[in-house]
Amino acid sequence: MQTPKYKRIILKLSGEALAGEKKAGIDENYLSLICDKISEVYKLGVEIAIVVGGGNFWRGRSGKSMDRTTADHMGMLATVINALALQDALESRNIPTRVQTAIEMRQIAEPYIRRRAVRHLEKKRIVIFACGTGNPYFTTDTTTALRAAEIDAEVILMAKNVDGIYDSDPVKNPDAKKFDKLSYMDILGNRLGAMDSTATSLCMDNNIPIIFFGLDKPENIVKVVLGENIGTIIS
Ligand code: UDP
């Protein structure tokens with residue numbers, strides 16, 4: 001069996017990652033591909049926590065004329081839909097999971113309790129964190145940084161729709177240069193836009209490395225865990 005580089009990871013899946021080609025909602029085929037790869041990582045014995053976004057349904061900033069707090073509450077609820085879809089897909093692969101929400105909805109999922117989350121991980125259950133931090137004006141990237149610190153994850157795996165961090169938008173600029181390695185200050189100082197500053201500074205203050213990689217190839221999740229140098233690492 002191959003040896004994973006990490007014992008405990010936190011994987012950030014943006015809402016868009018679950019939408020596949022559809023760009024909105026959930027593409028069940030794509031979700032299935034992603035869960036096959038998460039299942040491979042699980043079988044390597046890695047403890048896995050997942051933070052899921054909600055952008056495939058709603059982002060706070062989509063509500064232009066809305067009260068920001070209300071719009072953000074809607075965004076946090078969107079993450080719950082994705083968390084339940086992930087849970088369903090993982091459990092259909094016989095992987096025990098727990099969804100924990102930062103806003104209580106006990107009929108649907110457990111409330112977020114750090115000690116319980118850690119216990120689930122120790123018992124080899126995948127924990128899916130929904131509702132972000134539970135607070136408006138934050139993002140699920142910041143949630144990932146926060147939960148990573150709380151549960152002592154060794155690394156954050158940021159699965160994105162681009163295969164790393166570039167000096168300019170690779171979609172608009174064909175000459176954009178990809179970075180293999182960056183420091184937290186590079187992200188903060190150059191305003192590279194890969195991750196918001198709150199999330200970046202939280203990782204910097206707590207020394208949590210982040211690996212950005214593309215989820216266009218779902219097998220990248222396994223490669224990163226096995227220590228292959230793909231994407232961009234921030235440390
Ligand atoms: N959100 C929030 N607080 C949080 C996390 C998320 O208010 O702690 C809201 C915010 O409106 C955000 C939306 O939930 O736009 C969905 O999260 P995000 O945009 O991070 O999802 P992603 O882009 O990863 O799909």
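We use all heavy atoms of the structure for the numbers below, so side chains are in, but hydrogens, waters and symmetry mates are not. Order of appearance sets the numbers: ligands from 1, and atoms from 1 within every ligand.
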Asks: Has ligand 1 got any nitrogen or oxygen that is less than 3.5 angstrom from a nitrogen or oxygen of Gly53?
Replies: no
Asks: Are more than 12 heavy atoms, taken from residues, nucleotides or ligands other than Arg68, located less than 6.0 Å from that residue's CZ atom?
Replies: yes
Asks: Answer side chain, backbone, both or neither: which part of Met74 comes under 4.0 Å from ligand 1, heavy atoms only.
Replies: neither
Asks: Show the atoms of ligand 1 that are less than 4.0 angstrom away from any heavy atom in Gly55.
Replies: 21 (O), 22 (P), 25 (O)
Asks: Tell me: protein heavy atom nearest atom 14 (O) of ligand 1, and distance?
Replies: Gly75 C, 3.1 Å
Asks: Of all heavy-atom pairs between Asn56 and Leu18, which one has the smallest distance, and what is that distance?
Replies: ND2-CB, 4.4 Å
Asks: Kindly indicate whether the side chain of Cys35, heavy atoms from C-beta on, has any atom under 4.5 Å from the side chain of Arg93.
Replies: yes
Asks: Report the part of Asn135 in contact with ligand 1, treating N, CA, C, O as backbone and CB onward as side chain, heavy atoms under 4.0 Å; options are side chain, backbone, both, neither.
Replies: backbone
Asks: Can you tell if the side chain of Ile50 reaches within under 4.5 Å of the side chain of Leu13, non-hydrogen atoms only?
Replies: yes
Asks: Glu47 and salt bridge (Lys or Arg N to Asp or Glu O under 4.0 Å): which single residue from Arg8, Arg125, Arg119 fits?
Replies: Arg8
Asks: Please check if the side chain of Thr144 supplies one atom and the backbone of Thr140 the other of a donor-acceptor pair under 3.5 Å.
Replies: yes
Asks: If I apply the N/O under 3.5 Å rule, does Gly132 come out as touching ligand 1?
Replies: no
Asks: Do you know which two heavy atoms are closest between Thr142 and Leu202, and how far apart they sit?
Replies: O-CD2, 4.1 Å
Asks: So which protein heavy atom does atom 9 (C) of ligand 1 come closest to, and at what separation?
Replies: Asp72 O, 3.5 Å
Asks: Answer yes or no: does an N/O atom from Asn56 fall short of 3.5 Å to an N/O atom of ligand 1?
Replies: no
Asks: For ligand 1, is Pro136 a contact, meaning one of its heavy atoms is under 4.0 Å away?
Replies: yes
Asks: Can you report which non-hydrogen protein atom sits closest to atom 24 (O) of ligand 1, along with the distance?
Replies: Lys12 NZ, 2.7 Å
Asks: Taking only heavy atoms of Thr133, which atoms of ligand 1 are found under 4.0 Å from at least one of them?
Replies: 4 (C), 8 (O)
Asks: N/O to N/O below 3.5 Å, does that happen between Thr140 and ligand 1?
Replies: yes
Asks: Taking distance alone, with N or O pairs closer than 3.5 Å, would you say Gly54 contacts ligand 1?
Replies: yes
Asks: Give the residue, atom name and distance (to 0.1 Å) of the protein heavy atom nearest atom 2 (C) of ligand 1.
Replies: Phe138 O, 3.2 Å
Asks: Applying ring-ring contact (aromatic ring centres under 6.0 Å, His included) to Tyr112 and Phe129, what does each step give before you reach the verdict?
Replies: CA-CA 8 Å; Tyr112 171 64; Phe129 295 121; 5.5 Å; yes
Asks: Are the side chain of Asp169 and the backbone of Val171 linked by a donor-acceptor contact shorter than 3.5 Å?
Replies: yes
Asks: Would you say Arg114's side chain and Glu150's backbone share a donor-acceptor pair under 3.5 angstrom?
Replies: yes
Asks: Counting both backbone and side chain atoms, is some N or O of Ser14 under 3.5 Å from an N or O of ligand 1?
Replies: no
Asks: Determine whether a donor-acceptor pair (N or O, by modelled atom type, separation under 3.5 Å) exists between the side chain of Asn82 and the backbone of Gly53.
Replies: yes
Asks: Of all the non-hydrogen atoms in the protein, which one sits nearest to atom 12 (C) of ligand 1, and at what distance?
Replies: Gly60 N, 3.9 Å
Asks: For atom 5 (C) of ligand 1, what's the nearest protein heavy-atom neighbour? Residue, atom name and distance, please.
Replies: Thr139 C, 3.4 Å
Asks: How does Thr143 reach ligand 1, if at all, at less than 4.0 Å between non-hydrogen atoms: by side chain, backbone, both, or neither?
Replies: side chain
Asks: Check whether Thr200 reaches the backbone of Asp196 with its side chain - one donor and one acceptor, N or O, closer than 3.5 Å.
Replies: yes
Asks: Which residue holds the protein heavy atom closest to atom 19 (O) of ligand 1, what is that atom called, and what is the gap in Å?
Replies: Arg59 NE, 3.4 Å
